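A short write-up of the structure that comes next.
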Amino acid sequence: MNKPTDYKFRVKDSILGVQFLFVAFGALVLVPILTGLNPNVAFFTAGVGTLVFQFITKGNIPPIFLASSFAFIAPISHGVKTWGIAATMSGLFAAGLLYVLLSFLVRLKGDNFLHKLLPPIVVGPVIMAIGLILSPAAVHMAMGRTGDGAVQVIPVEQAMIISMIALLVTVFISLLGKGIFKLIPILGGIIIGYAVSLYYGIVDFTPVKQAAWFVIPEFTAPEFNWQAILFILPIAIAPAIEHIGDMLAISKVTKEDYLKKPGLKNTLLGDGLATSVASLFGGPPNTTYSEVTGAVTVTKAYNPAIMTWTAIAAIILAFVGKLGGLLATIPLPVMGGIMLLLFGIIASIGISTLIKANTDLSCPRNMAIVAMILVFSIGGMTFNFGGVAFSGIGLGAIIGIFLNLVLPQPRES
């Protein structure tokens with residue numbers, strides 16, 4: 001008997017597949033634009049990554065789409081500025097391999113192993129730190145400055161009007177939007193913010209004019225760099241746990257237990273390989289997109305072959321040079337306004353992780369772990385081991401795991 005979640009590849013589903021790419025579009029392009037990577041490459045690697053994931057999970061493919069992960073924005077930005085794109089890609093390749101390692105540990109020790117190694121008391125504050133450490137860049141861009149705040153690109157008054165309109169539109173669409181529109185608040189915010197920017201005459205169309213219609217994306221191969229690898233590697237911890245949440249969500253939506261078959265061991269493996277493959281081309285790490293899961297809920301399009309069409313559409317768009325040119329014209333305040341909300345939401349998800357787990361923050365042990373993760377991640381602490389510097393979110397994650405393993409549990413009163 002055929003189930004709605006069975007894989008059926010049909011031409012008539014191609015339009016629906018493009019619609020899902022439309023839902024993912026805003027988040028997909030945000031990561032490369034903010035980190036200095038190529039948006040066309042991001043489209044290509046999102047498509048290829050999704051196909052890799054489907055190949056690994058072919059026993060029972062979840063109807064999900066993989067694309068640019070927000071968790072890696074800060075480390076990619078730092079890596080690109082410090083070591084260049086090629087070296088940063090070696091760190092992202094290693095992050096994908098960490099997923100692969102975790103998938104084999106799950107295969108050997110079972111699903112509970114991950115929850116013991118990475119409980120909410122560690123993962124929650126790490127996710128909070130990801131959002132909070134990015135917030136200054138969002139504020140700078142919303143005020144018309146470059147992400148580091150060094151250069152005022154657009155007058156503050158104009159920038160604030162544009163960014164606040166983009167922010168409010170994004171908020172209102174997410175709160176009041178109906179059906180498919182509720183799932184594209186980022187895209188809505190970009191479009192309206194862009195329209196206001198056109199009114200102020202601050203959009204420069206030179207990149208569109210200079211771009212050819214057909215281009216080969218600017219692929220960049222990884223270049224081995226130990227510092228980049230050790231800086232980026234620990235950050236994969238938060239998205240790995242997020243992956244479990246996404247698998248639970250799509251299982252509930254489709255009434256199909258994907259944690260049982262193909263199992264976390266295969267979905268994590270697929271996600272990890274998709275991230276490593278993306279880095280081979282110079283693309284951002286891949287993660288499962290909850291926006292697309294939301295769209296699946298609304299449309300009840302449970303056939304995973306629809307996501308194959310979404311992947312094909314993304315790969316085709318990667319070769320449209322004018323698209324990359326158009327994305328390059330989006331003014332800083334538009335992206336800044338949307339980022340104010342997004343990075344705050346990431347921090348809120350971290351808080352939510354602690355609340356859902358009923359974490360007792362009056363317990364000195366828990367308070368110490370949360371405090372150290374946040375301060376070490378955000379405060380600029382750096383540890384040097386053998387000439388290699390550990391700092392930022394990666395250092396916070398390592399400290400959190402270490403403290404959770406060594407600090408004694410409170411005695412029962």
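The first residue of the sequence shown is numbered 1, and numbering continues consecutively from there. Computed from a predicted structure; not experimentally measured. Every heavy atom of this structure was used, including side-chain atoms; hydrogens, water molecules and symmetry mates were not.
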_Looking at Ser69, is its backbone amide N or carbonyl O close enough to the side chain of Thr287 to form a donor-acceptor pair, meaning the two atoms are under 3.5 Å apart?_
no

*Would you please indicate yes or no on a ring centroid separation below 6.0 angstrom for Phe20 and Phe65?*
no

*Ring centres under 6.0 angstrom apart (Phe376, Phe383)*: yes

_Check: Met143 main-chain N/O paired with Gln152 side-chain donor or acceptor under 3.5 Å_ = yes

_Taking the side chain as everything from C-beta on, heavy atoms only, tell me whether Phe22 gets closer than 4.5 Å to Leu187._
yes

*For Ser103, does its backbone N or O pair with a side-chain atom of Lys265 as donor and acceptor, under 3.5 Å?*
no

*Considering non-hydrogen atoms only, spot the tightest contact between Ile229 and Ala94 and give its length.*
CG2-CB, 3.7 Å

*asked:* Whether the side chain of Trp309 engages the backbone of Arg10 through a donor-acceptor N/O pair (distance < 3.5 Å, no angle test) should be reported.
replied: yes

*Do the side chain of Thr288 and the main chain of Asp246 share a donor and acceptor less than 3.5 angstrom apart?*
no

*Crowded around Phe205 CZ? As in, over 12 foreign heavy atoms under 6.0 Å?*
yes

_Side chain Ser377, main chain Leu374, donor-acceptor under 3.5 Å_ = no

*Any side-chain heavy-atom pair from Ile33 and Pro39 closer than 4.5 angstrom?*
yes

*Would you confirm whether the ring centroid of Tyr302 sits within less than 6.0 angstrom of the ring centroid of Tyr7?*
no

_Around atom CZ of Phe9, are there more than 12 heavy atoms from other residues, nucleotides or ligands closer than 6.0 Å?_
yes

*Decide side chain to side chain donor-acceptor pair (under 3.5 Å) for Asn40 and Glu218; before the verdict, give the C-alpha distance in whole Å, the side-chain angles of both, and the deciding distance to 0.1 Å.*
CA-CA 8 Å; Asn40 287 67; Glu218 295 176 14; over 6 Å; no

*asked:* Do Tyr258 and Thr5 make a side-chain contact, defined as non-hydrogen atoms from C-beta onward lying under 4.5 Å apart?
replied: yes

*Main-chain N/O of Thr50 paired with Asn286 side-chain donor or acceptor, under 3.5 Å*: no

*asked:* Any heavy-atom pair between the side chains of Gln19 and Ile306 that's under 4.5 Å?
replied: no

*Counting heavy atoms not belonging to Lys260, are there more than 12 under 6.0 Å from its NZ?*
no

*asked:* Counting only heavy atoms not in Phe224 (residues, nucleotides, ligands), do more than 12 fall under 6.0 Å from its CZ?
replied: yes

_Side-chain heavy-atom pair Phe43, Ile315 within 4.5 angstrom cut-off_ = no

*Check Ile346 against Gly131 and note the closest heavy-atom contact, atom names and distance.*
CG2-N, 3.6 Å

*Distance-only, no hydrogens or angles: does the Thr275 side chain make a donor-acceptor pair with backbone N or O of Pro285 under 3.5 Å?*
no

*Can you tell me if Asn303 uses its side chain to pair, donor with acceptor, with the backbone of Lys8 under 3.5 Å?*
yes

*Do Val41 and Pro32 have side chains that get closer than 4.5 Å, going by heavy atoms?*
no

*Checking Asp271 side chain against Thr267 main chain: does a donor-acceptor pair fall under 3.5 Å?*
no

